[in-house]
Amino acid sequence: QLQLVESGGGLVQPGGSLRLSCAASGFTLDYGAIGWFRQAPGKERVGVSCINKSDGDTNYIDSVKGRFTISRDNGKNTVYLQMNSLKPEDTAIYYCAAITTPVKGMCVLTSWRFGSWGQGTQVTVSS
């Protein structure tokens with residue numbers, strides 16, 4: 001079974017930075033995709049970014065382009081989300097999730113396509 005564990009969340013002031021990690025263990029794969037989703041209180045879960053595990057193609061929602069960067073370290077079975085210039089509206093629980101079937105090209109931020117999910121890590125941006 002595939003297990004995903006998020007870490008790196010915390011409290012940061014507006015304009016600050018955080019680096020989230022998503023570590024995979026168990027049935028790790030050389031293909032598929034890892035995505036980051038977030039859910040703020042009272043709002044639905046939305047996709048933030050994803051990366052194709054095979055070729056490194058990435059995708060971002062418009063609101064984080066230029067501020068967030070997703071990357072991978074296949075040797076460590078870990079995906080990172082570097083978040084810079086954080087805004088209060090970035091406050092949410094951040095989840096990583098995996099697509100465990102082959103993905104061609106750019107991954108898509110559609111939650112139902114992701115079959116494995118981590119427990120989440122809280123990110124709070126506040127002064």
Side-chain angles (χ1 to χ4, degrees):
Q1 61 181 17
L2 176 64
Q3 297 178 355
L4 302 175
V5 179
E6 304 95 333
S7 62
L11 174 64
V12 66
Q13 294 184 342
S17 298
L18 285 173
R19 187 196 193 199
L20 305 183
S21 298
C22 176
S25 62
F27 287 167
T28 58
L29 303 170
D30 296 328
Y31 56 84
I34 295 291
W36 286 98
F37 296 77
R38 66 187 183 188
Q39 186 168 24
K43 297 185 177 180
E44 295 184 350
R45 182 180 60 205
V46 298
V48 176
S49 182
C50 58
I51 185 168
N52 186 317
K53 294 177 66 179
S54 296
D55 60 19
D57 284 355
T58 59
N59 193 14
Y60 302 88
I61 56 171
D62 288 342
S63 61
V64 307
K65 289 180 178 178
R67 300 190 298 121
F68 291 10
T69 303
I70 191 169
S71 61
R72 73 194 193 281
D73 185 336
N74 289 339
K76 296 181 179 180
N77 294 315
T78 301
V79 171
Y80 304 96
L81 185 67
Q82 179 67 46
M83 305 185 296
N84 299 326
S85 302
L86 283 163
K87 304 174 181 179
E89 51 263 43
D90 295 318
T91 296
I93 300 176
Y94 283 70
Y95 301 88
C96 67
I99 298 173
T100 56
T101 54
V103 174
K104 299 297 189 297
M106 185 180 296
C107 49
V108 294
L109 289 166
T110 305
S111 60
W112 67 263
R113 296 184 180 273
F114 292 78
S116 299
W117 293 80
Q119 294 181 321
T121 185
Q122 176 71 48
V123 172
T124 302
V125 184
S126 176
S127 59

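Linking Ile, Leu, Val, Met, Phe, Trp and Tyr whenever their side-chain heavy atoms come within less than 4.5 Å puts V12 and W36 in one cluster. Hydrophobic clustering, with ILVMFWY side chains joined whenever heavy atoms are under 4.5 angstrom apart, groups L18 together with I61. Each of Y80 and F37 belongs to its own hydrophobic cluster when Ile, Leu, Val, Met, Phe, Trp and Tyr are linked at side-chain heavy-atom distances under 4.5 angstrom.
The side-chain heavy atoms of L20 and E6, taken from C-beta on, include no pair separated by under 4.5 Å. F68 has its side chain within reach of L86: a pair of non-hydrogen atoms, C-beta onward, lies under 4.5 Å apart.
The only option from R45, R38, Q122 that meets the side chain to side chain contact (heavy atoms under 4.5 Å, CB included) definition with I93 turns out to be Q122.
Heavy atoms only, all atoms of each residue included: G56 and I51 are closest at O-CG1, 3.8 Å. Nearest heavy-atom pair, S17 versus N84, reported as atom, atom and distance to 0.1 Å: OG-OD1, 2.8 Å.
S54 contributes a side-chain N or O that, together with a main-chain N or O of D30, makes up a donor-acceptor pair within less than 3.5 Å. Judged purely by atom type and a 3.5 angstrom limit, N59 has no side-chain atom pairing as donor or acceptor with the backbone of V108.
The number of heavy atoms from other shown groups lying within 6.0 Å of CD (Q119) does not exceed 12. Within a 6.0 Å sphere centred on CD of E44, heavy atoms belonging to other residues, nucleotides or ligands number 12 at most.
Between W117 and Y95, the two ring planes are perpendicular [angle over 60°; tilted spans 30° to 60°].
Checked against salt bridge (Lys or Arg N to Asp or Glu O under 4.0 Å), K87 has no partners two or more places apart in sequence or in another chain.
The structure places CZ of R67 at 11.0 Å from OG1 of T69, a figure rounded to the nearest 0.5 Å.
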